[in-house]
Number of protein chains: 2
Amino acid sequence: MKTLKIPEATIIRLSVYSRYLTQLDKKGITNISSGEIAEGVGGSPAQVRKDLAYFGEFGTRGVGYNVRDLNQHIIRILGLNKNWQVIIVGAGNLGSALTQYKGFRERGFDVIAVFDNDINKVGLTLNGIPIYPVSKLNEIVKKKQVDIGIIAVPAPYAQDVADAMVESGINAILNFAPVVISVPEEVELRNVDLAVNLEILTFNLELQKDKN
Amino acid sequence: MKTLKIPEATIIRLSVYSRYLTQLDKKGITNISSGEIAEGVGGSPAQVRKDLAYFGEFGTRGVGYNVRDLNQHIIRILGLNKNWQVIIVGAGNLGSALTQYKGFRERGFDVIAVFDNDINKVGLTLNGIPIYPVSKLNEIVKKKQVDIGIIAVPAPYAQDVADAMVESGINAILNFAPVVISVPEEVELRNVDLAVNLEILTFNLELQKDKN
DNA sequence: GACTGTGAAGCCATTCACAGCT
DNA sequence: AGCTGTGAATGGCTTCACAGTC
């Protein structure tokens, strides 16, 4: 299999294409061109074709792409042709919201357990998903073959949680704590920093103002 | 004024540097080198210096940077030397979590109102922040001089909410709905797609597997 | 001696433009 | 005729390496 360094931007876009194709499929649309996809997701036709070209030839010249077929290919590329077991550590506001977020299940992510050290929360459930003490993390991750861990605890605890996840065998982590955490090289780590996103907006707002 | 296209990646990193410098300042550390910053945030020294060089000369050769001073500069660059008024539309799990998120206030973002059309929620407060019906959005945004709107509603309603925000004069939007929305060119729009972040992880997990 | 600031080089991603199918 | 797939060109970001300063 050819694997010549795929840009991360390409993966992000594939994910967006897939969501768009799913919408189209629901509407009963069966065929689409790269130009129409670009229009729908806000990109360029050449970009769409380049992104797909990393993985194969999915279209028909002169015709375009079959919506459902292309979506199946992308879903397979992204590894979404099976369900993934996810745990969330932190049952505060953010952790609770993520646990109940419908967009995860729709894409094949099953949140199977939540962990928190607040004894008032342990034993309760969120949407039917049980809350365990963090001390049970290792045991449950191993028993349930968990693939992905989400960190939704305050910044000072994030590194400890990451360590516990790695220790238990998880090798993909999504971190919502606004702090840099370190993990072994072989563990996939992504950070979502909510404040950073607002700060990019304010930077751009200030830029606009300076143009006058 | 010099404004040579700053890479967005640079802005993201500046935001992270600032957070790190704030931590150091609290610990009483007064001086730091580009190498130490790089170490702390997971980057390269040259990158740190290049990022800062877009905006001026903040360090002393042979010595490094004054922590507090550099942080003040970055805060000003990002437009965080004043508070920003923020509203959130959608008082579901995610909207509630964002409304109560401490990381926003710490960086100068004041969530002053939440909007939702659920009559069971209207009139209540979240952390002292009132929930209004969406019909009041225009009035309140104008009266309170709101700068930024956050969309935390289900995908099908996101475009309507964005339209209402634009109509009311907001020109920076942070969208959490997993759908492409369109706004006039002069409005700053950023998207945070929670599922996409997990999908990048699964793509990378699959890649690793294929390496064997 | 140590560390910043920066032109130049290298690398990566996007856009162009056209050959190749249907 | 229409649209994909792709090498080539372009543009942009990152890394290198060193002159400049303390």
Side-chain angles (χ1 to χ4, degrees), chain A residues 2-17 20-21 24 29-74 77 200 203-204 207, chain B residues 2-17 20-21 24 29-74 77 200 203-204 207:
Chain A
K2 60 145 185 267
T3 305
L4 350 47
K5 270 281 271 117
I6 317 292
E8 180 169 296
T10 289
I11 305 308
I12 294 173
R13 286 189 298 264
L14 284 178
S15 187
V16 175
Y17 301 159
Y20 183 59
L21 292 169
L24 295 179
I29 294 165
T30 58
N31 197 271
I32 194 165
S33 69
S34 60
E36 290 167 313
I37 295 175
E39 168 97 2
V41 305
S44 76
Q47 180 94 260
V48 171
R49 296 200 299 276
K50 248 306 172 238
D51 287 338
L52 296 173
Y54 282 109
F55 302 96
E57 307 190 2
F58 307 124
T60 309
R61 291 168 196 231
V63 178
Y65 305 89
N66 176 281
V67 170
R68 189 170 297 178
D69 184 53
L70 178 59
N71 198 13
Q72 285 306 311
H73 277 293
I74 297 177
I77 290 164
I200 297 166
F203 172 79
N204 287 322
L207 257 197
Chain B
K2 60 142 187 265
T3 306
L4 349 47
K5 268 281 272 118
I6 317 292
E8 180 169 296
T10 288
I11 305 308
I12 294 173
R13 285 189 298 264
L14 284 178
S15 186
V16 175
Y17 301 159
Y20 183 58
L21 292 169
L24 295 179
I29 295 165
T30 58
N31 197 272
I32 194 166
S33 68
S34 61
E36 290 167 312
I37 295 174
E39 169 97 1
V41 305
S44 77
Q47 180 95 261
V48 171
R49 296 199 299 276
K50 249 294 151 53
D51 286 338
L52 297 173
Y54 281 108
F55 302 97
E57 305 189 4
F58 306 124
T60 308
R61 291 169 195 230
V63 178
Y65 305 87
N66 175 280
V67 170
R68 188 169 299 177
D69 185 54
L70 178 58
N71 198 14
Q72 284 308 313
H73 277 294
I74 297 177
I77 291 164
I200 297 165
F203 172 79
N204 286 321
L207 257 197

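The sequence lines fix the lettering, A, B, ..., with proteins before strands; numbering per chain opens at 1. These numbers come from a predicted model, not from an experiment.
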- Message: Applying salt bridge (Lys or Arg N to Asp or Glu O under 4.0 Å) as the test, list every pair that has at least one member in residues 37-50 of chain B; sequence neighbours left out.
- Response: none
- Note on the structure: Looking only at heavy atoms, the pair that brings A/Pro45 and A/Ala38 closest together is N-CB, 3.5 Å
- Message: Can you work out whether A/Gly62 or A/Thr10 has the more 5'-proximal nearest nucleotide on DNA chain C?
- Response: A/Thr10
- Task: Quick one: list whatever passes side chain to side chain contact (heavy atoms under 4.5 Å, CB included) with B/Ser44, sequence neighbours left out.
- Result: B/Ala46, B/Gln47
- Non-neighbouring partners of A/Arg68 that pass salt bridge (charged side-chain N to carboxylate O under 4.0 Å, His left out), sequence neighbours left out: A/Asp25
- Whole-Å distance, B/Tyr65 OH to C/dA2 C1', equals 13 Å
- Note on the structure: Under a 4.0 Å heavy-atom cutoff, the residues of residues 29-44 of chain B touching DNA chain D are B/Ser44
- Note on the structure: note: B/Arg49, atom CZ; C/dT4, atom P; distance rounded to Å ~ 6 Å
- Task: Go through the structure and list residues passing ring-ring contact (aromatic ring centres under 6.0 Å, His included) with A/Tyr20, not counting sequence neighbours.
- Result: none
- With A/Tyr17 via side-chain hydrogen bond (donor to acceptor under 3.5 Å, both in side chains) - residues at least two apart: A/Asp51
- Query: If you check the A/Arg13 side chain, which of C/dT14, C/dC21, C/dG5 turns out closest?
  - Reply: C/dT14
- Task: Using whole Å, report how far CD of B/Glu8 lies from C1' of C/dA13.
- Result: 15 Å
- Task: Taking heavy atoms of chain B and a 4.0 Å limit, find me the 5'-most and 3'-most nucleotide of DNA chain D within that range.
- Result: D/dC13 to D/dC22
- Task: With sequence neighbours excluded, tell me which residues meet side chain to side chain contact (heavy atoms under 4.5 Å, CB included) with B/Leu70.
- Result: B/Leu21, B/Ile37, B/Leu52, B/Phe58, B/Tyr65, B/Ile74
- Query: Would you say the side chain of B/Tyr54 lies within less than 4.5 Å of the side chain of B/Ile77, judging by non-hydrogen atoms?
  - Reply: no
- Item | side-chain N/O A/Gln47 vs C/dA13 OP1/OP2, d < 4.0 Å | no
- Task: Measure the distance from NZ on B/Lys50 to C1' on C/dG5 and round it to the nearest whole Å.
- Result: 8 Å
- d(CZ, A/Arg61; C1', C/dG20) in whole Å: 5 Å
- Taking only residues two or more places apart in sequence or in another chain, which ones pass side-chain hydrogen bond (donor to acceptor under 3.5 Å, both in side chains) with B/Asn66? none
